[in-house]
Amino acid sequence: MLHKFKKIDYSIVFILLILMVISILSIYSTTFGRPKWEAFPKRAVIFYIIGFIVFFGMSMINYKVIIKNYLYIYAVGMILLILVMFIGQEYYGAQGWLSIFGLSLQPAELFKLCLIVFLSALLARKKNRPLFFGRDVIPISLCVLPPLLLVLLQNDLGNALSYVVILVGLLWIGNIKFTHALIGFVIAVAALIGGTQAYIHYHDEIVKFLKDIGRSHWADRFDPWLVPDQTSRDVLWQTYNAKLAIGSGGISGKGYMEGTTIQSNRVPLAYADSIFVQIGEEFGFVGASVLLLLYFILIHRLVLIALECKDRAGPYLIVGIIAMLLYQIFVNIGPFIGLMPLTGITLPFISFGGTSLVLNMLSMGLVMSIKVHTEENEDILGSSEQPSITELVLKLFRRKSTQQEQ
């Protein structure tokens, strides 16, 4: 056991400790003097203690055991996503939380890691052979469709899109053909441009349609980004004040707990989704740059571990985690500097949120497990055959049916 602890990348542990300090200080600043949230800093400390226990515990477990049980992990994640549809609690317009022993659990967040494990196991079985569009790309994409639809039904657009980003990242490293990747990129860009233009020109019709299907809050997120001139002051409130706060922070910021916009509570959810605004206003461009630099160093360390990994599944897992983190960072910060609409995604390791933090710490623990156990060359993913993803999926369901009959 001791020799495993020696193999841990303690530069990552140090970065996580710095992010913990930033997180707790930021949460304290955004909740100070507000009785409703005064317990959040203490709860954040507890979440981080649990997170580090999970981190070191996961580091000691051979990640190949996790990969070997990828089907069960995917199944458990799907069960939780289905369960939350019936007994889930609703917060901020999204029915996506389960209450377990007084604690709130967000299955859509946890499923990110379940999906990374599942897709990594499927792609690793291909042994770096080129992915065929009909036999591989389509079937593996269809595996992402059920959880994507379930999370969309929960009104959680941000987490639903994260599944697509994870899929794209893993397909890219999974040796998808360049022509297929290029076609997909062109289609995505065309869809983005066409979609935004259609939203602008047919705004009233689209807003009416969203109201009819109970998704009117999606329009409230897109309007400040695409049609600010047609948006009400109430809808613009969060993004307008957020940009004002970040801009007023200047180079070095107004000082800790001296941010006028944050301290006057003019930015909703400043302790969670909007916590970057507090950093921008109170610590300025320097503070925001330091935070982004910490993220860069963390991701750089993850890339190095992936390059050193001797196993087939390890790099896929790490790339999936990197895709998840990059998506969360960009989607959280982007709306406050005018790059994209609000989606309600937390800032990794900084925002208040138990499920999100524990998931990210668990992900870091999985990376550490890859580093610690990478020299163990056992292959637990099957024989030397090169099956297609279609054959793998069908084989899994046939095996499951046989077990149920027995």
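- In this view, Arg301 and Asp9, Ser11 satisfy the side-chain hydrogen bond (donor to acceptor under 3.5 Å, both in side chains) rule, not counting sequence neighbours.
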Let me have the donor-acceptor pairs involving side chains of residues 317-324, under 3.5 Å, with sequence neighbours excluded, atom names and distances please.
none

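- Residues that satisfy the ring-ring contact (aromatic ring centres under 6.0 Å, His included) test with His203, not counting sequence neighbours, are Tyr199.
- Applying the side-chain contact (heavy atoms from CB on, under 4.5 Å) criterion to Ala288, with sequence neighbours excluded, gives Phe276.
- For Leu342 against Gln238, the heavy-atom pair with the smallest separation is CD1-OE1, 3.6 Å.
- Ion pairing between Lys208 and Asp204 fails under the 4.0 Å rule for side-chain N and carboxylate O.
- Taking the side-chain hydrogen bond (donor to acceptor under 3.5 Å, both in side chains) definition, one finds that Lys177 meets it with nothing, sequence neighbours left out.
- The side-chain contact (heavy atoms from CB on, under 4.5 Å) search around Pro41 returns Ile27, Tyr28, Thr31, not counting sequence neighbours.
- Under the side-chain contact (heavy atoms from CB on, under 4.5 Å) criterion, Val21 pairs with Leu25, sequence neighbours left out.
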Would you give me the side-chain donor-acceptor pairs under 3.5 Å for residues 242-254, sequence neighbours excluded?
residue : atom : partner : partner atom : Å
Ser248  : OG   : Leu244  : O            : 3.2
Ser248  : OG   : Ala245  : O            : 2.8
Ser248  : OG   : Lys254  : NZ           : 3.3
Lys254  : NZ   : Thr260  : OG1          : 2.8
Lys254  : NZ   : Glu281  : OE2          : 3.2

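- In this structure, Ile79 has no side-chain contact (heavy atoms from CB on, under 4.5 Å) partners at least two apart in sequence or on a different chain.
- A centroid separation of less than 6.0 Å is found between the aromatic rings of Phe352 and Phe47.
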- Message: Using side chain to side chain contact (heavy atoms under 4.5 Å, CB included), reason through Val227 and Ile200 one step at a time and then give a plain yes or no.
- Response: CA-CA 7 Å; Val227 287; Ile200 294 171; 4.2 Å; yes
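- Ser59 is linked by a side-chain hydrogen bond (donor to acceptor under 3.5 Å, both in side chains) to nothing, counting only residues two or more places apart in sequence or in another chain.
- Under the 3.5 Å distance criterion, the side-chain polar atoms of Asp156 are matched with a main-chain donor or acceptor of Asn159.
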- Message: As a quick check of understanding, evaluate ring-ring contact (aromatic ring centres under 6.0 Å, His included) for Tyr48 and Phe349, giving each step before the final call.
- Response: CA-CA 9 Å; Tyr48 252 108; Phe349 306 105; 7.4 Å; no
Which side-chain N or O atoms in residues 181-198 pair as donor and acceptor under 3.5 Å with protein atoms at least two apart or in another chain?
residue : atom : partner : partner atom : Å
Thr196  : OG1  : Leu192  : O            : 3.0
Thr196  : OG1  : Ile193  : O            : 2.9

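- Listed by chain and number, the residues in a side-chain hydrogen bond (donor to acceptor under 3.5 Å, both in side chains) with Thr355 amount to none (sequence neighbours excluded).
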